[in-house]
2 protein chains.
Amino acid sequence: MNYSLLLDHVSRHITLTEDEQSYFTSLLNFKKIRKKQFLNQEGEVSKGPAFVMSGLLRSYSLDKNGFEHVIQFAPPGWWIGDMYSVVNQQPGRLYIDALEDSEIVWLWKSDLDKLYSILPKFERLFRILAENSVIAYQDRLISNLSLPARERYAQFCRQYPSLTECLPQKQVASYIGVTPEFLSKMLNAPPHH
Amino acid sequence: MNYSLLLDHVSRHITLTEDEQSYFTSLLNFKKIRKKQFLNQEGEVSKGPAFVMSGLLRSYSLDKNGFEHVIQFAPPGWWIGDMYSVVNQQPGRLYIDALEDSEIVWLWKSDLDKLYSILPKFERLFRILAENSVIAYQDRLISNLSLPARERYAQFCRQYPSLTECLPQKQVASYIGVTPEFLSKMLNAPPHH
DNA sequence: CGGGAAACTTAAGGTAGGTTAAGTGGGTGA
DNA sequence: TCACCCACTTAACCTACCTTAAGTTTCCCG
């Protein structure tokens with residue numbers, strides 16, 4: 001198993017000896033997920049955070065009218081999971097599925113806790129990741145509260161140019177919070193002033 | 001100076017000896033903020049996270065039409081800050097001001113970093129706080145994407161009953177993402193089935 | 001290949017929520 | 001005590017975005 005993508009990612013925030021690296025990787029579980037298969041369904045207790053090695057995952061919630069709302073996309077090199085469910089070990093409210101055939105590695109919550117106590121450096125890693133996550137959610141909240149759909153779309157394209165290319169429009173629509181019909185109309189209409 | 005509110009809060013997540021407590025409190029800066037005064041203005045580099053001892057603060061962003069969008073309220077026992085600005089030591093996009101005369105304690109980012117290296121337990125504390133923050137922002141994002149204003153209001157009342165009582169309506173309107181006029185109309189109209 | 005499901009488009013009509021504007025009442029500082 | 005400000009209300013009008021529905025294209029799976 002080649003963990004270099006993950007170990008590179010980790011080493012951007014904390015430094016590990018070879019022994020520490022192999023202890024860390026010994027806790028990892030590997031999994032292939034084919035397109036449209038689920039890592040996680042609403043109402044299940046999420047096993048733990050997952051790191052994407054290849055492919056593309058997303059998390060979304062389903063409202064009572066059956067509409068999906070994308071919370072996050074996770075291309076290779078990103079973490080994804082249902083934080084609420086992992087932290088509280090309660091059934092979550094998110095679905096996580098693969099938009100492309102994907103490979104991930106994931107940790108049991110109990111192994112993560114072990115990792116924290118044996119290698120406290122990992123507290124730091126996950127603190128930093130959580131902080132970055134807070135920043136990203138805050139940014140998105142501000143956009144949702146203060147920008148019209150057209151500018152939210154423009155911001156998405158600026159922020160995730162590679163995703164913009166490979167995602168179907170309806171996924172982007174769901175992320176920025178409009179219907180696919182409206183996004184289509186927007187894109188095929190003359191740019192507003 | 002009486003730090004019991006803060007130390008109680010900290011001890012819910014990590015355990016400190018008396019020496020550790022006094023080292024921690026030695027890093028704290030105390031500040032009184034009168035109603036309508038700012039802790040933080042857009043474009044400034046935020047000094048660091050602040051813990052509210054008494055009073056009530058809020059953070060908000062200002063859009064290009066001059067409208068405020070409340071990101072967070074912070075009653076006593078809560079942390080508030082501009083995470084983006086603290087982490088990156090760059091000018092932030094948030095204003096933080098006091099809705100009531102308040103007292104806070106806050107940490108320089110550099111002291112926080114010292115604290116992490118001398119007492120790694122604090123990595124854990126702030127990891128947990130950041131994780132809870134992620135959960136809260138995710139929840140709010142889901143509400144904004146999938147619930148109509150009336151239900152966002154109901155959820156706010158359920159989630160923060162004490163804030164609902166003491167906040168002026170226009171602050172709540174700004175938090176749930178509607179105009180004060182619309183919230184007023186909503187509240188004075190017959191409940192929708 | 002062929003057929004069905006998705007993704008995308010177009011368009012008509014509807015609605016949640018915004019804008020503007022005017023008025024009321026309570027609180028507070030000079 | 002008065003003046004002013006600010007929170008809140010009301011109401012008429014407006015628009016960004018949604019709903020429904022139909023049609024076209026693409027693409028995948030058998």
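Throughout, a chain's letter reflects where its sequence line sits, starting with A, and its residues are numbered from 1.
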Whole angstrom value for the distance that separates [atom2] of [N] from [atom1] of [X]:
{"X": "I176(A)", "N": "dC17(D)", "atom1": "CD1", "atom2": "C1'", "value": "12 Å"}
{"X": "N144(B)", "N": "dC17(D)", "atom1": "CG", "atom2": "P", "value": "14 Å"}
{"X": "R150(A)", "N": "dC17(D)", "atom1": "CZ", "atom2": "C1'", "value": "12 Å"}
{"X": "L145(B)", "N": "dC18(D)", "atom1": "CG", "atom2": "C1'", "value": "15 Å"}
{"X": "L99(A)", "N": "dC27(D)", "atom1": "CG", "atom2": "C1'", "value": "17 Å"}
{"X": "L147(A)", "N": "dC17(D)", "atom1": "CG", "atom2": "C1'", "value": "16 Å"}
{"X": "R152(A)", "N": "dA16(D)", "atom1": "CZ", "atom2": "C1'", "value": "10 Å"}

Once salt bridge (Lys or Arg N to Asp or Glu O under 4.0 Å) is applied, what residue pairs with a partner in residues 128-142 of chain B remain, sequence neighbours excluded?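 Applying salt bridge (Lys or Arg N to Asp or Glu O under 4.0 Å) to every pair that reaches into residues 128-142 of chain B, excluding sequence neighbours, yields R93(A)-D139(B), R127(B)-E131(B).
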
Describe the nucleic acid contact of P180(A) in one word from base, sugar-phosphate, nothing, applying a heavy-atom distance below 4.0 Å.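 Answer is nothing: P180(A) stays at 4.0 Å or more from every strand.
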
Can you sort out which residues in residues 158-173 of chain A have a heavy atom within less than 4.0 Å of DNA chain D? Ascending by number, please.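 Within residues 158-173 of chain A, no residue comes under 4.0 Å of DNA chain D.
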
Is the charged tip of K31(A) near the ring of W106(A): under 6.0 Å from the six-membered ring centre and within 45° of its axis?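 No, a cation-pi geometry is absent between K31(A) and W106(A).
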
Should the pair R58(A) and Y60(A) be classed as cation-pi, given the thresholds of under 6.0 Å to the six-membered ring centre and 45° from the axis?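 Yes, a cation-pi geometry holds between R58(A) and Y60(A).
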
Compute whether any side-chain donor of one residue and acceptor of the other, for [X] and [Y], lie under 3.5 angstrom apart.
{"X": "Q138(B)", "Y": "Y84(A)", "answer": "no"}
{"X": "W79(A)", "Y": "H9(A)", "answer": "yes"}
{"X": "T17(B)", "Y": "D19(B)", "answer": "no"}

Quick tally for nucleotides 18-30 of chain C: nucleotides whose base has a protein heavy atom under 4.0 Å get B, sugar-phosphate-only ones S, the rest -, giving BBB----------

Taking everything shown except K170(B) itself, do over 12 heavy atoms lie less than 6.0 Å from its NZ?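 Atom NZ in K170(B) is not packed in, count stays at 12 or less.
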
Same cluster or not: L115(B) versus L125(B), using hydrophobic residues (I, L, V, M, F, W, Y) connected whenever any side-chain heavy atoms lie under 4.5 Å apart?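 Both belong to a single hydrophobic cluster.
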
Tell me whether T164(A) contacts the main-chain N or O of Y160(A) through its side chain, where contact means a donor paired with an acceptor under 3.5 Å.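 Yes: the side chain of T164(A) pairs with the backbone of Y160(A).
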
